[in-house]
Amino acid sequence: MTVRNAEIAEIFDHMAALLEIQGANPFRIRAYRNAARTVDDLPRSLEAMISEGEDLSKLPDIGKDLAGKIAEIVDTGRLEALEEMEKQVPAGLVDLTRLPGLGAKRVRALHDELGISGLDELRRAAKAGHIRELSGFGAKTEQRILEALSRRAQEERRFLLSDVEDIADRYVDHLKAVSGVREVVAAGSYRRRKETVGDLDILVTCKKGSPVMERFVEYDEVDTVLSQGTTRSTVVLHSGLQVDLRVVAQVSYGAALYYFTGSKAHNVAVRTIAVKKKLKINEYGVFKGKRRVAGKTEREIFRAVGLPYIEPELRENRGEIEAARKRRLPRLVSSSDIRGDLHCHTEATDGRNSLEEMASAAKALGYEYLAITDHSKRVAVTHGMDEARLRKQLEAIDRLNSRLRGLRLLKAMEVDILENGKLDLADGVLKDLDLTVCAIHIGLGIGRDKQTERIIRAMDNPHFTILAHPTGRLINQRAASDIDMERVMEAAVERGCYLELNAQPERLDLDDVHCRMAKDMGLKVAISSDAHSADGLGCLRFGVDQGRRGWLEAEDVLNARSWPKLRRLLARS
DNA sequence: GCCGTTTTCGGCCCGACTGTTTTCAGTCG
């Protein structure tokens with residue numbers, strides 16, 4: 001039996017929710033939540049760590065007790081403490097706390113006073129007008145509960161970063177045009193460039209009397225105004241995205257930007273450092289007693305607590321604070337480091353543009369090289385190429401290269417990895433390529449061991465260069481296929497192969513956590529657009545964002561090198 | 001339940017908005 005880290009994290013989160021409803025010590029509840037997060041962020045499976053005899057209590061936020069509980073879950077697939085808890089607290093109450101406006105205390109009251117233990121009972125009680133009769137509840141609360149229950153039909157979801165970017169750009173422009181407004185910036189997980197965004201936080205500084213709050217709630221994409229105050233308001237857009245606006249004075253701009261960029265876990269950790277220095281950090285500044293000692297810029301905030309500036313993408317409390325203290329923060333890769341793109345398609349298979357058009361788009365981006373990687377025959381729906389068609393394309397690339405100045409097209413292929421681990425094209429033609437991008441498109445769910453073996457067997461082929469979109473996940477659509485990433489990465493290092501960070505906004509595969517793991521293992525990563533059109537080359541920057549979240553530096557990125565240097569790395573001895 | 005330049009006990013981040021309240025609890029981020 002295999003237990004995934006995500007399942008363990010879920011159990012701890014569930015424990016936290018049950019404890020909260022029981023009215024347990026809030027710090028104990030937080031301990032479970034923190035542990036869930038640690039477990040969720042781990043690149044390696046806890047099951048493997050246990051079988052290798054590692055001491056889990058050395059992990060942050062995991063102590064002796066929770067290490068024991070993890071071992072129990074891995075061992076038995078169950079957690080006795082959870083089962084005990086479930087006997088005392090009806091499971092349906094946890095669902096109730098997920099409704100906006102209902103927390104543990106109110107859910108407890110609903111249960112104790114009205115005997116409500118699930119969503120259906122809640123709906124009935126609200127419709128019958130029983131909820132308004134409880135002390136601490138009123139008619140408005142009852143109404144909000146009914147609204148929340150009807151909204152719940154349209155399932156809560158997180159939005160792709162690229163989709164939120166369009167929405168954020170428009171909203172920011174709208175607010176910038178309001179009189180008296182000085183700064184407008186989107187903060188939160190959007191600024192940290194998380195692959196998905198739950199809600200958008202916008203920060204504004206403005207002169208006194210600016211009508212920015214009114215303009216914010218009147219914006220034509222607004223569907224519902226959830227709250228409106230003088231410094232903070234919340235709306236839901238027609239798209240379903242929730243947007244918060246915070247207004248602060250210019251003198252607090254840096255403090256507020258820092259505060260609202262988060263992450264929460266990062267902020268809490270830095271605040272704890274501040275407390276030890278007898279300082280207080282809030283969204284208005286850093287305070288020594290009543291005196292503000294920092295606040296205008298983020299750099300001031302960091303300086304006040306004795307830390308160097310930490311990039312937003314790193315602010316997840318995943319070791320960046322310790323690295324900052326030791327002055328060992330990575331110098332993160334940026335889009336300007338990228339010298340070329342190693343994965344794109346043309347009209348020969350499922351792309352939209354010709355070789356020439358792709359080449360000229362790459363040149364416009366300032367690239368030195370562009371690898372043409374059309375599909376191989378196995379992926380028939382894309383009109384995948386056989387050996388003969390590939391030969392013709394290689395000749396066309398030769399002809400075009402002889403005319404091109406400042407850009408080199410690389411001869412390449414997105415070769416399918418067959419179910420037996422063989423590559424989809426004959427070695428005779430693969431040997432004439434500059435590189436291959438090898439991928440699984442068929443048989444994504446064959447199981448962990450088989451899938452891992454399949455990939456490693458493919459890497460045994462000396463013409464295998466880069467493993468494309470390694471897990472095959474599609475965000476919000478298809479789960480990552482189950483592979484032993486650690487073994488795959490080890491195999492790649494041993495054989496001189498590489499892994500791709502596919503920059504398609506719905507792929508972002510490798511993800512940030514796996515990028516960090518690759519870096520720690522000394523494995524270089526190709527950040528590639530997988531563009532299917534000339535315009536599509538531009539999405540490579542979303543891959544750079546995720547690489548930055550995974551602590552990647554230019555040194556760790558294959559295509560942050562000139563062609564002569566890259567060519568040496570691609571050659572397998 | 002975790003953690004330690006306050007180290008095995010006693011802390012554990014901080015403020016805004018809402019609704020139900022006569023001064024604040026609950027929720028949220």
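Just so it is clear, the values below take in all heavy atoms, side chains as well, and ignore hydrogens, waters and symmetry mates. Letters A, B, ... are given to chains in the order of the sequence lines, protein chains preceding strands, and every chain is numbered from 1.
Nucleic acid contact class of A:Arg246 (heavy atoms, under 4.0 Å, all strands): sugar-phosphate only. Nucleic acid contact class of A:Pro26 (heavy atoms, under 4.0 Å, all strands): none. Looking at heavy-atom distances under 4.0 Å, A:Asn267 makes no contact with the nucleic acid at all. At a threshold of 4.0 angstrom between heavy atoms, the contacts of A:Leu102 are confined to the sugar-phosphate backbone, with no base atom among them. Here A:Lys276 lies in heavy-atom contact (under 4.0 Å) with a base. Nucleic acid contact for A:Arg28: base, since at least one base atom lies under 4.0 Å from a heavy atom of the residue. Within 4.0 Å (heavy atoms only), A:Lys278 reaches no atom of the nucleic acid at all. Within 4.0 Å (heavy atoms only), A:Ala139 reaches sugar-phosphate atoms of the nucleic acid but no base atom. Note on A:Thr230: only backbone sugar-phosphate atoms sit closer than 4.0 angstrom, heavy atoms only; bases stay farther off. Note on A:Tyr32: only backbone sugar-phosphate atoms sit closer than 4.0 angstrom, heavy atoms only; bases stay farther off. Within the nucleic acid shown, A:Ala104 comes within 4.0 Å of sugar-phosphate atoms alone, with no base atom in reach, counting heavy atoms only. Nucleic acid contact class of A:Lys140 (heavy atoms, under 4.0 Å, all strands): sugar-phosphate only.
For B:dC14, the OP1/OP2 oxygens have no side-chain nitrogen or oxygen of A:Lys264 closer than 4.0 Å. Taking 4.0 angstrom as the limit, A:Lys105 places a side-chain polar atom (N or O) nearer than this to OP1 or OP2 of B:dG26. Dashed line: the shortest gap from a side-chain N or O of A:Arg30 to OP1 or OP2 of B:dC13 is under 4.0 Å. A:Thr141 has a side-chain polar atom (N or O) that falls below the 4.0 Å cut-off from OP1 or OP2 of B:dT20. For the pair A:Thr231 and B:dC17, the criterion of a side-chain N or O lying under 4.0 Å from OP1 or OP2 is met.
Residue A:Arg232 places its side chain closer to B:dC17 than to any other of B:dC13, B:dC17, B:dC12. Here the nucleotide nearest the side chain of A:Asn282, chosen from B:dG15, B:dC13, B:dC17, is B:dG15. Nearest to the side-chain atoms of A:Phe27 among the listed nucleotides B:dC2, B:dC12, B:dG26 stands B:dC12. Of the candidate nucleotides B:dC2, B:dT27, B:dG1, B:dG1 has the atom nearest to the side chain of A:Lys69. The listed nucleotides are B:dG29, B:dC14, B:dC2; the one nearest the side chain of A:Ala31 is B:dC2.
Remark: aromatic rings of A:Tyr258 and A:His266 are close, center separation under 6.0 Å. In this structure, the ring of A:Phe216 has its center less than 6.0 angstrom from the ring center of A:Tyr171.
Rounded to an integer number of Å, the gap from CG of A:Asp13 to C1' of B:dG1 is 15 Å. Going from atom NZ of A:Lys280 over to atom C1' of B:dG15 covers 9 Å, rounded to whole Å. Atom P of nucleotide B:dT6 and atom CD1 of A:Ile273 are separated by 12 Å, given to the nearest angstrom. Atom CD of A:Glu142 and atom P of B:dG26 are 19 Å apart (whole Å). Atom pair A:Lys58:NZ and B:dC3:P shows a separation of 12 Å (rounding to whole Å applied). Between the NE2 atom of A:His266 and the P atom of B:dC13 there is a distance of 15 Å, rounded to whole Å. Regarding A:Arg144, its CZ atom lies at a distance of 8 Å from the P atom of B:dT18, rounded to whole Å. Here the C1' atom of nucleotide B:dT27 and the CD1 atom of A:Ile29 are 14 Å apart, to the nearest Å.
Taking the nucleotide of DNA chain B with the nearest heavy atom to each of A:Asp201 and A:Tyr284, the more 5' of the two is matched to A:Tyr284. Nearest-nucleotide positions on DNA chain B place A:Asp65 closer to the 5' end than the other of A:Gly101 and A:Asp65.
Distance noted for atom C1' between B:dT23 and B:dG19: 14 Å (whole Å). The gap from the P atom of B:dC12 to that of B:dT5 amounts to 16 Å, rounded to the nearest Å. B:dC14 and B:dT8: their C1' atoms are spaced 29 Å apart (whole Å). Of the P atoms belonging to B:dA16 and B:dG10, the separation is 33 Å, rounded to the nearest Å. Taking the P atoms as reference points, B:dT21 lies 12 Å from B:dG26, given to the whole Å. As rounded to the nearest Å, B:dC13 and B:dC17 have P atoms that lie 23 Å from one another.
Scored by the side chain to side chain contact (heavy atoms under 4.5 Å, CB included) test, A:Arg124 finds A:Asp120, A:Glu121 as partners (sequence neighbours excluded).
Evaluated for a salt bridge (charged side-chain N to carboxylate O under 4.0 Å, His left out) with A:Arg193, the options A:Glu165, A:Glu311, A:Glu313 yield exactly one hit, A:Glu165. For the pairing with A:Val184, the side chain to side chain contact (heavy atoms under 4.5 Å, CB included) check across A:Val204, A:Leu245, A:Val178 returns one residue only, A:Val204. Here the rule is side chain to side chain donor-acceptor pair (under 3.5 Å) with A:Glu20, and of A:Arg33, A:Lys105, A:Arg108 only A:Arg33 fits it.
Between the side chain of A:Asp199 and the base of B:dG29, no donor-acceptor pair of N or O atoms lies under 3.5 Å. With hydrogens and angles ignored, no donor-acceptor pair closer than 3.5 Å exists between the side chain of A:Tyr259 and the base of B:dG15.
By the 6.0 Å and 45° rule, A:Arg291 does not stack over the aromatic ring of A:Phe287. For A:Arg106 and A:Phe137, the positive end sits near the middle of the six-membered ring, less than 6.0 Å away and at most 45° from its axis.
Taking a pair to require two hydrogen-bonding distances under 3.5 Å in either a Watson-Crick or a G-U wobble arrangement, B:dT8 remains unpaired.
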Stepwise side chain to side chain donor-acceptor pair (under 3.5 Å) check, A:Arg191 with A:Thr261
CA-CA 6 Å; A:Arg191 182 164 179 250; A:Thr261 295; 2.8 Å; yes
